[in-house]
*Asks:* 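Structure provided below as C-alpha cells; questions to follow.
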Amino acid sequence: MALLDILVAPHPTLAKRAEEVTEVTDEIRQTLNDMLETMYKAPGIGLAANQVGILKRLVVIDVSNPEEEEPKPYKFINPVIIESSDDSSVYQEGCLSVPTFYEEVERPAEVTVEYLDETGTKQTLKAEGLLATCIQHEIDHLEGTLFVDHLSKLKKGMIVKKLTKLKKQGAFNKKQDTHTL
Ligand code: GNR
Ligand code: NI
C-alpha cells in the first residue's frame, strides 16, 4: 500500500481523458488499493485515477459515514453510465483537486453504471443520492472534467484564478506543515 500525491487544478493531467483498462492485472488491483488508501487519508468520498496522475479509467468511492457504519469501498474499472434519471438533484460538491471550494451542482438523481470489478467481472449498479452524484463526479474526472466546469464561466474563472495563486504560495504543499530541525 502506498499514499499517492493528489494533483491540484489547474493541471494538464486533470484535463485529459483517461484510457480504458484492457486487462485487470495485479498492478491495476494495487493501484486501486493505493487510491482507496489515499482517498481515506485525504479524506474524501471518491477518487479518480487522473487525480493521482494516472490516465487509466479507475475510480474508487466510499460514501459510508465512518462514524456510523462499516466502510463500504467500491472499485470501478472502465465505468460507464448506461442510464440516467430525468429527475435531478443538487449537491454541494467539493473536490480533492479543487481544495477549499464548494459549489452546488445539479446532476441526474439516479444513474445505472456498468463497470468491471477487480476480478474483471462485469457488474451493474443502480445508484441514488450521494453515491449517484459521486459516481458522476468521478466519471467526469475520467473525461478530464471537473465540477467547476459545470459552473458559470465567471465562477469557474474566479476559482481557477484563486487556486493558481494559492498553489504559487505553496498552500497545498504537504511539506508545508512538516517542520525541519
Ligand atoms: O470528497 C469528495 N466529496 C464530494 C462531495 C460532493 C460531491 C462529490 C464529491 S467527490 C470528492 C472527492 C473527489 O474529488 N473525487 O474526485
Ligand atoms: Ni473530484
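As the structure is a computational prediction, the values presented were derived from the model and not from experiment.
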*Asks:* Only one of Lys155, Arg107, His137 forms a side chain to side chain contact (heavy atoms under 4.5 Å, CB included) with His150, so which one is it?
*Replies:*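 That would be Arg107; it is the only one of Lys155, Arg107, His137 passing the side chain to side chain contact (heavy atoms under 4.5 Å, CB included) with His150.
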*Asks:* Does the side chain of Asp62 come under 3.5 Å of the side chain of Tyr74 through a donor N or O and an acceptor N or O?
*Replies:*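 There is no such pair (donor and acceptor under 3.5 Å, judged by atom type) between the side chains of Asp62 and Tyr74.
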*Asks:* For the residue pair Gln30 / Asp34, report whether a side-chain donor-acceptor contact shorter than 3.5 Å exists.
*Replies:*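 Judged by distance alone, the side chains do pair up.
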*Asks:* To the nearest 0.5 Å, what is the distance between SG on Cys134 and CG on Asp140?
*Replies:*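 That separation rounds to 11.0 Å.
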*Asks:* Between the side chains of Glu69 and Ser64, does any donor sit under 3.5 Å from an acceptor?
*Replies:*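 Looking only at side-chain atoms, Ser64 and Glu69 do not form any donor-acceptor pair under 3.5 Å.
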*Asks:* I'd like to know if the side chain of Thr38 and the backbone of Leu4 have a donor-acceptor N/O pair within less than 3.5 Å.
*Replies:*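 Yes, the answer is positive, given that a donor and an acceptor are paired below the 3.5 Å cut-off.
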*Asks:* Run the salt-bridge test on Glu20 and Lys56 with the 4.0 Å N-O cut-off and return the result as yes or no.
*Replies:*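 A salt bridge is absent here (no side-chain N lies under 4.0 Å from a carboxylate O).
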*Asks:* Show, in sequence, the C-alpha distance, side-chain angles and deciding distance for Phe147 and Glu103, and conclude whether the side-chain contact (heavy atoms from CB on, under 4.5 Å) test is met.
*Replies:* CA-CA 8 Å; Phe147 82 86; Glu103 296 289 343; 3.9 Å; yes
*Asks:* Identify the two heavy atoms, one from Leu163 and one from Pro99, that lie closest to each other, and give their separation to 0.1 Å.
*Replies:*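 In terms of heavy atoms, the two residues are closest at CD2-O, 3.8 Å.
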*Asks:* If every non-hydrogen atom of Pro10 is compared with every non-hydrogen atom of Val160, which pair is closest and at what distance?
*Replies:*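 Taking Pro10 first and Val160 second, the nearest heavy atoms are CG-CG1, 4.1 Å.
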*Asks:* Looking only at heavy atoms, what is the nearest atom pair of Glu37 and Leu3, with distance?
*Replies:*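 Taking every non-hydrogen atom into account, O-CD2, 3.8 Å.
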*Asks:* Linking I/L/V/M/F/W/Y whenever their side-chain heavy atoms sit closer than 4.5 Å, directly or via other members, would Met39 and Leu14 fall into one cluster?
*Replies:*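 Not linked; separate clusters.
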*Asks:* Can you measure from CE (Met1) to NZ (Lys41) and round to the nearest 0.5 angstrom?
*Replies:*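 Reported value, rounded in 0.5 Å steps: 12.5 Å.
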*Asks:* Between Lys167 and Asn173, do the side chains contain an N or O donor and an N or O acceptor separated by less than 3.5 Å?
*Replies:*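 Judged by distance alone, the side chains do not pair up.
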*Asks:* Should the pair Asp117-Lys75 be classified as a salt bridge under the 4.0 Å nitrogen-to-oxygen rule?
*Replies:*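 Salt bridge flag = no for Lys75 with Asp117.
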*Asks:* As a quick check of understanding, evaluate side-chain contact (heavy atoms from CB on, under 4.5 Å) for His141 and Cys95, giving each step before the final call.
*Replies:* CA-CA 10 Å; His141 274 300; Cys95 180; 3.4 Å; yes
*Asks:* side-chain contact (heavy atoms from CB on, under 4.5 Å) for Thr121 and Gln123? Distances and angles first, verdict last.
*Replies:* CA-CA 6 Å; Thr121 307; Gln123 302 284 355; 4.1 Å; yes
*Asks:* Taking all heavy atoms of Ile139 and all of Val80, pick out the closest pair and write down the distance.
*Replies:*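 In terms of heavy atoms, the two residues are closest at CD1-N, 4.5 Å.
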*Asks:* Within the structure provided, determine whether Pro66 and Tyr40 are in side-chain contact (heavy-atom separation under 4.5 Å).
*Replies:*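 No; the side chains remain at least 4.5 Å from each other.
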*Asks:* Counting only heavy atoms from other residues, nucleotides and ligands, does the tally under 6.0 Å from CD of Gln92 exceed 12?
*Replies:*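 Atom CD in Gln92 is crowded, with more than 12 foreign heavy atoms closer than 6.0 Å.
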*Asks:* Partners of Ala42 by side chain to side chain contact (heavy atoms under 4.5 Å, CB included), sequence neighbours excluded?
*Replies:*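 Partners of Ala42 under the side chain to side chain contact (heavy atoms under 4.5 Å, CB included) test: Ile6, Leu96.
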*Asks:* Are Val148 and Phe172 connected in the hydrophobic side-chain network, where two residues link if heavy atoms are under 4.5 Å apart?
*Replies:*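 Yes: a chain of side-chain contacts under 4.5 Å links Val148 to Phe172.
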*Asks:* Can you confirm whether Asp86 is buried at CG, in the sense that more than 12 heavy atoms of other residues, nucleotides or ligands lie under 6.0 Å from that atom?
*Replies:*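 No, not enclosed.
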*Asks:* Consider only side-chain heavy atoms of I, L, V, M, F, W and Y, link residues closer than 4.5 Å, and tell whether Leu166 and Val8 are in one cluster.
*Replies:*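 Yes, same cluster.
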*Asks:* From Leu130 CG over to Glu93 CD, what is the distance, rounded to the nearest 0.5 angstrom?
*Replies:*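 Atom-to-atom, Leu130:CG and Glu93:CD are 9.0 Å apart.
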*Asks:* So how far is it from Glu19 CD to Leu55 CG, rounded to the nearest 0.5 Å?
*Replies:*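 One finds 8.0 Å between CD of Glu19 and CG of Leu55.
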*Asks:* With sequence neighbours excluded, tell me which residues meet side chain to side chain contact (heavy atoms under 4.5 Å, CB included) with Glu143.
*Replies:*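 Residues passing side chain to side chain contact (heavy atoms under 4.5 Å, CB included) with Glu143: Arg17, Arg57, Thr145.
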*Asks:* Write down the atom of Pro79, the atom of Leu142, and the distance for their closest heavy-atom approach.
*Replies:*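 That closest heavy-atom pairing would be CG-CD1, 3.8 Å.
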*Asks:* Please report the interatomic distance CD1(Ile77) to OG1(Thr22), rounded to the nearest 0.5 Å.
*Replies:*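 Ile77 CD1 to Thr22 OG1: 11.0 Å, rounded to 0.5 Å.
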*Asks:* Can you tell me which residue among Ile135, Leu116, Leu32, Leu58 is in a side chain to side chain contact (heavy atoms under 4.5 Å, CB included) with Phe76?
*Replies:*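 Output: one option passes, namely Ile135.
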*Asks:* Using side-chain heavy atoms (C-beta onward) and a distance below 4.5 Å, is Pro73 in contact with Val60?
*Replies:*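 No, side chains not in contact.
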*Asks:* Out of curiosity, does Leu7 fall in the hydrophobic cluster containing Ile54 (side-chain heavy atoms, cut-off under 4.5 Å, transitive links)?
*Replies:*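 Hydrophobic grouping puts Ile54 apart from Leu7.
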*Asks:* Using the rule that two of Ile, Leu, Val, Met, Phe, Trp, Tyr join whenever any of their side-chain heavy atoms come within less than 4.5 Å, decide whether Val113 and Val24 are in one cluster.
*Replies:*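 Val113 does not cluster with Val24.
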*Asks:* Please step through side-chain contact (heavy atoms from CB on, under 4.5 Å) for the pair Val52 and Asp5, ending with a clear verdict.
*Replies:* CA-CA 6 Å; Val52 291; Asp5 282 335; over 6 Å; no
*Asks:* Is the shortest side-chain heavy-atom distance between Lys156 and Leu154 below 4.5 Å?
*Replies:*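 Answer no - side chains too far apart.
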*Asks:* Closer than 3.5 angstrom, by distance alone: can the side chain of Ser85 be matched with the main-chain N or O of Glu110 as a donor-acceptor pair?
*Replies:*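 Flag set: sc Ser85 to bb Glu110 pair under 3.5 Å.
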*Asks:* Kindly give the heavy-atom pair with the smallest separation between Tyr91 and Gly129, and that separation in Å.
*Replies:*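 Smallest interatomic distance, heavy atoms only, reads OH-C, 3.3 Å.
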*Asks:* Heavy-atom distance under 4.5 Å between the side chains of Lys165 and Gln169, does that happen here?
*Replies:*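 The answer is yes, as the side chains (C-beta and beyond) meet within the 4.5 Å cut-off.
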*Asks:* With rounding to the nearest 0.5 Å, note down the distance linking CD1 in Ile82 to CD in Glu114.
*Replies:*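 These two atoms lie 4.0 Å from each other.
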